[in-house]
Amino acid sequence: MSEHRTTSRFAVVTGGSEGLGLAIADALARDGADLILVARNRGKLETAAKELGRRGTVVHTVLADLSAPDAPALIAGHVGSLTTRVDTLVNNVGTAHFASLADTTVEEMNTMWHLNVQVPLLLSQQLLPALVNARGSIINISSYWARKMVAGPHSAAYSATRGALNSMTRALASELGPQGVRVNAIAPGAVRTPQYERSYIAPMTAEERAAHDEQIERSYPWDVWAPPMTSPPQPPIWPRPSGPPAPSSPSTAGSPPADLRQVPEAAST
């Protein structure tokens, strides 16, 4: 951990009960921030709050399903009852449907557009006064799939939503910068979160798992298959440590296999 310390007090993390969201919340807690975790599963929220609270961090929880149209306003109301400032907003909730163009449904497209694009925009809008008051920061969790494609998996609809999120991030950075609010995006590849394990890895046969890992090694220059999100965090898994990294792709982290139909991202719980 670097010696830098968060000067802020309140960080809002959506999808903060497990996976990437929990790992981000844990990092913020270790850096001195108090937390407001948003997720839809009460049991996971309570467990996450208990674990993070052991660090001496103040942890508030908001039980909300961000797929509901009124969720951003309800969350903002709850946050407003706790604080008039939000120093960090992490828009982490999202979902992924991988399918060919012929097999992609309108329902899948609408679900991805809502969670991956509309929710970050609307929650940022609802919390804007508190962000401006704190001269805070918005962090949008995007994806490698916004800009990079690999042979096999079909990602047109999903990649479109992540590309839109990246464009929105740039536009908001330009708009909100003069008000003192920074806006950035992080674009990871596939991460072996608990949700990914449950939804996809667990049902695999040994042969399917071998094919899955082989495709990651073949598709990504660094062959990175990020480990499960645990506390304390684990280092990445490097399937071929002797191979030099490709300088053009220093941040890739793995991909789903070609027959992946739907894998909700870690933040969707």
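For reference, positions follow the sequence shown, starting with 1.
Connection of Leu89 to Leu172 is established within a shared hydrophobic cluster, with ILVMFWY side chains joined at heavy-atom distances below 4.5 Å, either directly or through further cluster members. Under a hydrophobic clustering in which Ile, Leu, Val, Met, Phe, Trp and Tyr are joined whenever their side-chain heavy atoms come within less than 4.5 Å, directly or via other members, Leu128 and Val62 fall into the same cluster. Hydrophobic cluster membership is shared by Val86 and Leu82, with clusters built from Ile, Leu, Val, Met, Phe, Trp and Tyr side chains linked at under 4.5 angstrom. Transitive grouping of hydrophobic side chains (ILVMFWY, heavy atoms separated by less than 4.5 Å) brings Ile75 and Val132 into a common cluster. Under the 4.5 Å side-chain heavy-atom criterion for grouping Ile, Leu, Val, Met, Phe, Trp and Tyr, Leu74 is not connected to Val12 through any hydrophobic cluster.
When side chains are defined from C-beta on, Arg55 counts as touching Asp26, because their heavy atoms get closer than 4.5 Å. Between Thr47 and Lys50 the shortest side-chain heavy-atom distance does not fall below 4.5 Å. Counting heavy atoms from C-beta on, the side chains of Leu35 and Val58 never come closer than 4.5 Å. Side-chain contact check for Ile141 versus Ile24: some heavy-atom pair is nearer than 4.5 Å.
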Applying side-chain contact (heavy atoms from CB on, under 4.5 Å), run through Leu22 and Lys44 and close with a yes or a no.
CA-CA 10 Å; Leu22 179 57; Lys44 292 178 184 177; over 6 Å; no
Residues Val38, Leu123; criterion side-chain contact (heavy atoms from CB on, under 4.5 Å); working and verdict
CA-CA 12 Å; Val38 181; Leu123 191 55; 6.0 Å; no
Candidate pair Leu28 and Val90, rule side-chain contact (heavy atoms from CB on, under 4.5 Å), full reasoning:
CA-CA 10 Å; Leu28 288 166; Val90 182; 4.3 Å; yes
Would Leu176 and Ile138 satisfy side-chain contact (heavy atoms from CB on, under 4.5 Å), going step by step from the backbone distance to the final call?
CA-CA 10 Å; Leu176 302 182; Ile138 300 171; 4.0 Å; yes
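In this structure, Arg9 contributes its side chain and Gly32 its backbone to a donor-acceptor pair below 3.5 Å. Between the side chain of Asn116 and the backbone N or O of Thr95 there is at least one donor-acceptor pair closer than 3.5 Å. One N or O on the side chain of Ser167 and one on the backbone of Gly163 form a donor-acceptor pair closer than 3.5 Å. Proximity of a side-chain donor or acceptor of Asp87 to a complementary backbone N or O of Phe10 within less than 3.5 Å is detected. Between the side chain of Ser81 and the backbone N or O of His78 there is at least one donor-acceptor pair closer than 3.5 Å. Proximity of a side-chain donor or acceptor of Thr104 to a complementary backbone N or O of Ser100 within less than 3.5 Å is detected. Checking side-chain atoms of Thr14 against main-chain N and O of Val93 turns up a donor-acceptor pair under 3.5 Å. No side-chain donor-acceptor contact under 3.5 Å links Ser155 to the backbone of Tyr158. Here the side chain of His114 pairs a donor or acceptor atom with the backbone of Leu66 at under 3.5 angstrom.
In summary, the side chains of Asn41 and Ser17 do not present any donor paired with an acceptor at a separation below 3.5 Å, with no hydrogens or angles considered. Using a 3.5 Å distance cut-off with no hydrogens or angles, the side chains of Ser137 and Asn184 do not pair a donor with an acceptor. For Ser142 and Asn140, the side-chain atoms include no donor-acceptor pair closer than 3.5 Å.
Rounding to the nearest 0.5 angstrom, the gap separating the CG atom in Leu127 from the CG atom in Asn133 is 12.0 Å. How far CG of Leu45 is from CD of Glu18: 10.5 Å, rounded to the nearest 0.5 Å. One distance of note links CZ of Arg162 with CE of Met168; it measures 10.0 Å at 0.5 Å rounding.
Heavy atoms from other residues, nucleotides or ligands lying under 6.0 Å from CD of Gln179 number more than 12.
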